[in-house]
Number of protein chains: 2
Amino acid sequence: MLELAILGFLYDTPLHGYELRKRITALTGHVKPIAESTLYPAIKRLEKAGLLERATEPGSVAAPRHVLTLTEDGRHELRRRLAEPAQRDITDENRWFTLLAFLRHLEDAPAQAAVLRRRLAFLEEPASFFYEGDRPLSAEELDDPFRRGILTIARATSRAELSWLRDTLASLDG
Amino acid sequence: MLELAILGFLYDTPLHGYELRKRITALTGHVKPIAESTLYPAIKRLEKAGLLERATEPGSVAAPRHVLTLTEDGRHELRRRLAEPAQRDITDENRWFTLLAFLRHLEDAPAQAAVLRRRLAFLEEPASFFYEGDRPLSAEELDDPFRRGILTIARATSRAELSWLRDTLASLDG
DNA sequence: CAACAATACATCGGTCACGAGGTATAGAGA
DNA sequence: TCTCTATACCTCGTGACCGATGTATTGTTG
């Protein structure tokens with residue numbers, strides 16, 4: 001997911017690591033902060049894989065910067081990751097939101113719609129967090145107020161997202 | 001989080017690894033599946049730390065089972081992790097839901113309320129995923145339909161959770 | 001003028017997680 | 001009889017991520 005965010009931000013414009021870090025922090029930092037010691041090795045991985053190139057520039061304020069630019073391979077790889085996300089990226093809300101944040105880079109409405117439809121299919125499956133045998137339990141059937149909360153919140157999220165997904169799919173298809 | 005789920009399930013009753021895995025899969029598997037190769041080492045870690053003990057029983061169907069029982073240290077450790085969660089466990093919905101699923105084991109209403117209040121404080125902070133300078137942007141200000149979706153869904157979740165939190169805190173306090 | 005914060009990058013050791021694969025038993029279906 | 005599925009546990013290599021720590025430079029604040 002971190003790699004997707006790096007590729008996604010650099011797709012628009014070259015950035016140096018520090019600026020990239022600030023953008024990633026703004027995007028997902030309030031939920032899941034990214035440590036510097038995670039970002040810099042991730043940049044190195046992507047560089048080693050030929051997805052980005054670095055150019056050293058004198059720092060405008062302090063130390064010299066490494067300006068990062070996506071290669072053509074990098075641009076292609078981002079589109080690939082957006083078009084063919086792992087199932088994890090569909091089901092885990094953190095990953096899904098990161099994917100959504102850059103989905104516009106896909107630039108192909110049917111491909112975008114196909115990704116949204118995978119999320120739609122996931123949300124339409126009858127799933128719960130709590131079961132009696134195989135039967136999913138509803139919030140009303142739980143005594144535990146905290147577990148009831150999980151289902152209440154999850155249901156509200158799911159409803160809002162389903163309605164957004166259907167609207168957006170309609171406008172992508174239409 | 002995996003460790004919290006293990007401790008949480010074993011707090012109620014001793015279980016063997018395979019059954020534990022099924023319960024964890026039911027709880028969070030549709031969002032974030034847990035591999036066997038993650039579960040068994042985690043059990044070993046907890047055993048090594050003295051938080052649980054294993055007893056070998058002949059398998060009812062096939063191979064022999066290792067029935068896992070929490071030690072007194074393990075029971076104490078679960079309560080500690082529930083009462084003093086890391087900030088991560090408060091902000092990341094996956095982690096937060098796992099914590100909520102076992103919060104009833106805290107058995108002390110003021111301690112439960114204190115945890116809920118940490119989540120409340122987090123949700124009341126004005127945070128977005130997208131900014132113009134320092135100002136958080138609202139869904140209406142975004143052109144990108146996918147980014148607008150993120151904010152729409154996050155806002156619906158937040159509203160539902162705030163209302164649930166306030167109700168539940170009122171009943172815990174009253 | 002000294003201390004501190006912000007900019008900018010990096011390494012190191014350790015933990016956690018995953019996929020691929022392995023071992024073994026028992027019952028069900030072809 | 002053979003294969004398949006379910007039960008039940010395990011190891012190994014790899015990679016992701018974190019906290020702690022280090023190195024510079026510049027601007028701000030007391």
Practice item. Measure from the side chain of A:K32, starting at C-beta and using heavy atoms only, and say which of C:dC18, D:dC17, D:dC9 lies closest. Key: D:dC17
Review point. Does B:R45 place a side-chain N or O at less than 4.0 Å from the phosphate oxygens OP1/OP2 of C:dT15?
Key: no
Practice item. May I ask you to decide whether B:R166 forms a salt bridge with B:E124, counting only side-chain N to carboxylate O separations under 4.0 Å? Key: yes
Check your understanding: Is any side-chain nitrogen or oxygen of A:K44 closer than 4.0 Å to OP1 or OP2 of C:dC9?
Key -> no
Review point. Just wondering, are more than 12 heavy atoms of other shown residues or ligands nearer than 6.0 Å to NE2 in A:H30?
Key: yes
**Study point:** No-hydrogen, no-angle side-chain donor-acceptor test under 3.5 Å, A:Y40 and A:R21
**Key:** no
Point to revise | Residue B:R65, side-chain heavy atoms: nucleotide from D:dG19, C:dG19, D:dC9 that is nearest | key: D:dC9
Review point. Do B:D12 and B:R23 sit within salt-bridge range, that is, some charged N less than 4.0 Å from a carboxylate O?
Key: no
**Study point:** For DNA chain D, the residues among residues 2-31 of chain A that have a non-hydrogen atom under 4.0 Å from it
**Key:** A:L2, A:E3
Exercise for review: Would you tell me if any nitrogen or oxygen in the side chain of B:R88 comes within less than 4.0 Å of OP1 or OP2 on D:dC18?
Suggested key: yes
Point to revise | Test: B:D89 and B:R118 ion pair at under 4.0 Å | key: no
Review point. Do A:F97 and B:F129 have ring centres separated by under 6.0 Å?
Key: yes
Practice item. Please state how far atom CE in A:M1 lies from atom C1' in D:dA16, giving the value in whole angstrom units. Key: 13 Å
Revision key, fill the gap. B:L39 CG to C:dC18 C1', in whole Å, measures 13 Å
Practice item. Grab the CG-P distance between A:L68 and C:dA8 for me, whole Å please. Key: 13 Å
Review point. Which nucleotide sits closest to the side chain of A:Y40: D:dC9, C:dA8, D:dC17?
Key: C:dA8
Point to revise | Nearest to side-chain heavy atoms of A:H66, which nucleotide of C:dA10, D:dG19, D:dC9 | key: C:dA10
Review point. For residues A:S138 and A:E141, is any side-chain donor paired with an opposing acceptor at under 3.5 Å?
Key: yes
**Study point:** For atom CD of B:E36 and atom C1' of C:dA20, their distance in whole Å
**Key:** 12 Å
